[in-house]
Protein chains: 2
Amino acid sequence: MNAVLKDFSVARPKPRTAPRANQRHDHVHCIAAALATASSLCAARGARLTKLRRRVLEHVWNSHVPVGAYELLNRLRADGRRAAPPTIYRALAFLADEGLIHRIETRNAYIGCDFADRPHQAQYFICEQCGVAAEVDASDIHRRIAARADELGFVVSGHNVEVLGICCLCQQRRVHVGSRA
Amino acid sequence: MNAVLKDFSVARPKPRTAPRANQRHDHVHCIAAALATASSLCAARGARLTKLRRRVLEHVWNSHVPVGAYELLNRLRADGRRAAPPTIYRALAFLADEGLIHRIETRNAYIGCDFADRPHQAQYFICEQCGVAAEVDASDIHRRIAARADELGFVVSGHNVEVLGICCLCQQRRVHVGSRA
DNA sequence: GTCAATTGTGTTATACCATAACAAAACTAA
DNA sequence: TTAGTTTTGTTATGGTATAACACAATTGAC
């Protein structure tokens, strides 16, 4: 699964050192892999990944920037399909129920899930410059949250963790801009 | 500061044991303390906590359940004031800028900040039954997030952590309901 | 105090996000 | 094929948020 090979979470063997040159992943393959995973998961579960739902999922996976429902609607219409808001929201609801996408609350937008094939409690690191949201399944973060919940006597059913900041690629870009100025 | 003495985060010396009987905090004092803190902070900063803003803050502090903008608008109108959405949103923007309230993203709602008088990176534990959101400033959670960000080469500017589940008081209530059934 | 500049509030209109309710079409299983 | 189920289309509406501009209040210099 190459799902984590997104714009700024490419495998980085040397944390704490300056990020390497802009190293884009093979996004065509990235989409294909996500779609294949979705197909097999739905098949295994008896969930119906219809053409519409599949197309919406493709549009969501178009980039690693969370996309709004109405933008997806426009893309469906650009496909030549007649569609109104409920069309897109129902598709999104299905995809979310199947764990194929997540909603980014701070953006009112949706993004493909990198870990659809296994249960997880994801966290997102969202770049305020380029908009890319990188999903991470950090069990240590979840454990800290669970421990704190325990202290409060709080039974956790889920969590939403969205970290905002500047991704490593945009930092490089900023340095470039700065050095030019 | 008694800010953390909210419905389900009352001082609990014995974590991991069953929560004690419903022990409500003095909410009148709770509001008064929050308003006093807000006043002194704004005075110190030269920020103008006008009557309108103060009143909105009072309404936000009316309970520990996050409240929507339009509900606040209705409460302002109940005060006899003429108000439209921009009125409330501008007040909310001011209060958020001053760190006096937070927005709960998963609810599109607003809640008073318990740690307005110091810099912090808060987390919220939100009860899906009673709606109460308890703010926690758990540095361990923030450290884990920061560490993971570091691995990604991501520079954090802020984070939004909202944990969903059932609070200890609602668990008690459920047990009671269950034993009666 | 008066004035000009700034800041805050009122008002209208509108944009964006999301869902309810019902009809039509497509699929599924006899 | 037919009945039952699920999915999609359609219309209408509700909930959240902001743009743009006018007016009012406050501030600070004089």
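A, B, ... follow the sequence lines: proteins, then strands. Residue 1 opens every chain.
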Nearest-angstrom distance from the residue atom [atom1] of [X] to [atom2] of [N]:
X	N	atom1	atom2	answer
A:Phe94	C:dC27	CZ	C1'	14 Å
B:Leu76	C:dT11	CG	P	13 Å
A:Leu92	D:dT7	CG	P	15 Å
A:Leu72	C:dC16	CG	C1'	14 Å
B:Leu73	D:dT18	CG	P	14 Å
B:Arg55	C:dG8	CZ	C1'	19 Å
A:Asn108	D:dA17	CG	P	8 Å
A:Asn74	C:dC16	CG	C1'	12 Å

**Prompt:** If you take all heavy atoms of B:Leu73 and B:Ile88, which pair is closest and at what distance?
**Reply:** N-CD1, 4.1 Å
**Reference residue B:Leu100; test side-chain contact (heavy atoms from CB on, under 4.5 Å); the match among B:Leu95, B:Val56, B:Asp117** = B:Leu95
Any donor-acceptor pair under 3.5 Å from [X] side chain to [Y] backbone:
X	Y	result
A:Gln171	A:Ile166	yes
B:Gln123	B:Gln121	yes
A:Glu162	A:Glu105	yes
A:Arg53	A:Arg48	yes
A:Gln129	A:Arg173	no

Below 4.0 angstrom from OP1 or OP2 of [N], is there any side-chain N or O of [X]?
X	N	value
B:Arg103	D:dT16	no
A:Tyr89	D:dT8	no
B:Arg54	C:dG8	no
A:Thr50	C:dC27	no

With the criterion being N/O to N/O and under 3.5 Å, what pairs connect the protein with nucleotides 9-15 of chain D, and how long is each?
unit_1 : atom_1 : unit_2  : atom_2 : d
D:dG9  : OP1    : A:Arg81 : NH1    : 3.0
D:dG9  : OP2    : A:Thr87 : OG1    : 3.4
D:dG9  : N7     : A:Arg90 : NH2    : 2.5
D:dG9  : O6     : A:Arg90 : NH1    : 2.7
D:dG9  : O6     : A:Arg90 : NH2    : 3.4
D:dT10 : OP1    : A:Arg82 : NH1    : 2.6
D:dT10 : OP2    : A:Arg82 : NH1    : 3.4

**Request:** Under 3.5 Å for both distances, Watson-Crick or G-U wobble, that's the pair rule; now give the dot-bracket for DNA chain D, with | marking pairs to another strand and [ ] for crossing ones.
**Result:** ||||||||||||||||||||||||||||||
**Request:** Kindly indicate, with the supporting measurements, whether the criterion ring pair (Phe, Tyr, Trp, His ring centres under 6.0 Å) is fulfilled by A:His64 and A:His27.
**Result:** CA-CA 9 Å; A:His64 293 290; A:His27 193 60; 4.9 Å; yes
**Request:** Step by step, work out the side chain to side chain contact (heavy atoms under 4.5 Å, CB included) result for B:Cys113 and B:His120.
**Result:** CA-CA 10 Å; B:Cys113 174; B:His120 61 281; 3.4 Å; yes
**Message:** Does B:Arg118, at its CZ atom, have more than 12 non-hydrogen atoms belonging to other residues, nucleotides or ligands within less than 6.0 Å?
**Reply:** yes
**Request:** Check whether more than 12 heavy atoms from other residues, nucleotides or ligands sit under 6.0 Å from atom CZ of A:Arg45, and answer yes or no.
**Result:** yes
Taking only N/O atoms, report every protein-nucleotides 28-30 of chain C pair under 3.5 Å with atom names and distance.
none

**Request:** Give the intermediate values and the outcome of side chain to side chain contact (heavy atoms under 4.5 Å, CB included) for residues B:Leu92 and B:Leu72.
**Result:** CA-CA 10 Å; B:Leu92 290 172; B:Leu72 290 168; 3.8 Å; yes
